[in-house]
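Everything quoted here is computed from the prediction, not taken from an experiment. Residue numbers begin at 1 in each chain, while the letters A, B, ... track the order of the sequences.
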Amino acid sequence: MAGWLVKSEPNTYSFEDLQRDGRTVWDGVRNNAAALHLKAMKAGDEVLFYHSQEGLAVVGIARVSREAFPDATDPSGRFVAVELEPVRPLARPVTLAEMKANPALSEMAMLRQSRLSVSPVRPEEWRAILGMAG
DNA sequence: GCCAACGTTGGC
DNA sequence: GCCAACGTTGGC
């Protein structure tokens, strides 16, 4: 069971929006590295939901409810989407500053390449973040 | 608002 | 195929 992290600007689509909607199509990714991660997601994989621009924190956990399929918003047909459903919010958001300060997360993909909108999370990183969430 | 990082585009 | 120019993301 792999772990992932997705970024979203809460002004555009927040974790609360996902909870309200029950599920959402995660489309619009137009970056090859991010798209490779989307393609690697399996149904049931869990996904940390990070708020960029505003909040700057991991705020909840989602789950892949449908594996990669063609992104209907992409005319070229090169990119894929997945479907996500909410699992639960974190008891306490884990901020970017806290993550940067934790040596256990120094290798984390999202910290090493800040613009990557979909990235893998290693099991030990997942445990560290959930530990920080209390 | 600025700027660093990085991806993409297009001329050659 | 190289690389300069340009656009976008996202933290500060």
Side-chain angles (χ1 to χ4, degrees):
Chain A
M1 186 74 60
W4 309 94
L5 180 145
V6 298
K7 293 182 180 181
S8 186
E9 296 181 31
N11 291 333
T12 304
Y13 197 84
S14 67
F15 189 71
E16 291 73 22
D17 291 329
L18 178 60
Q19 289 181 293
R20 182 201 59 214
D21 293 346
R23 64 181 46 194
T24 196
V25 173
W26 208 256
D27 59 12
V29 172
R30 295 291 181 272
N31 171 283
N32 280 312
L36 284 175
H37 297 315
L38 280 185
K39 286 179 185 171
M41 288 183 181
K42 298 299 177 193
D45 282 359
E46 292 198 321
V47 181
L48 297 174
F49 197 106
Y50 175 82
H51 280 172
S52 62
Q53 316 276 25
E54 298 278 334
L56 305 189
V58 176
V59 296
I61 300 174
R63 181 189 294 118
V64 177
S65 49
R66 188 180 166 200
E67 294 177 20
F69 54 91
D71 182 342
T73 69
D74 172 29
S76 79
R78 293 186 298 142
F79 291 102
V80 296
V82 298
E83 188 181 80
L84 298 180
E85 62 186 10
V87 175
R88 60 184 165 87
L90 296 187
R92 195 182 66 79
V94 176
T95 66
L96 178 66
E98 291 176 280
M99 287 165 41
K100 283 184 172 175
N102 188 338
L105 302 179
S106 61
E107 303 285 305
M108 194 173 171
M110 76 135 344
L111 296 180
R112 306 205 90 177
Q113 194 180 344
S114 65
R115 286 183 50 203
L116 196 54
S117 59
V118 182
S119 59
V121 180
R122 295 177 183 151
E124 64 270 25
E125 294 166 345
W126 188 280
R127 281 194 297 276
I129 290 167
L130 289 203
M132 294 160 84

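Proximity of the aromatic rings of Trp26(A) and Phe49(A) is defined here by a centroid distance below 6.0 angstrom, and this criterion is met.
Taking a cutoff of 4.0 Å between a charged side-chain nitrogen and a carboxylate oxygen, Asp17(A) and Arg20(A) qualify as a salt bridge. Between Arg78(A) and Asp71(A) there is no salt bridge, since none of the side-chain N atoms of the basic residue sits less than 4.0 Å from a carboxylate O of the acidic one. Electrostatic pairing of Arg92(A) and Glu98(A) counts as a salt bridge here, judged by a charged N lying under 4.0 Å from a carboxylate O.
For DNA chain B, the neighbouring residues in residues 106-115 of chain A, judged by any heavy atom under 4.0 Å, are Gln113(A), Arg115(A).
Of the N and O atoms on the side chains of Glu9(A) and Ser52(A), not one donor lies less than 3.5 Å from an acceptor on the other residue.
If you walk DNA chain C from 5' to 3' and mark each nucleotide with an atom closer than 4.0 Å to a heavy atom of chain A, the marks span dG7(C) to dC12(C).
Partner of Glu85(A) under the side-chain hydrogen bond (donor to acceptor under 3.5 Å, both in side chains) criterion, chosen from Arg66(A), Arg63(A), Gln19(A): Arg63(A).
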Using atom types as modelled, flag every donor-acceptor pair under 3.5 Å from a side chain in residues 102-122 of chain A to any protein atom, sequence neighbours excluded.
| unit_1 | atom_1 | unit_2 | atom_2 | d |
| --- | --- | --- | --- | --- |
| Asn102(A) | OD1 | Ala104(A) | N | 2.9 |
| Ser106(A) | OG | Pro103(A) | O | 3.1 |
| Glu107(A) | OE1 | Arg112(A) | NH1 | 3.3 |

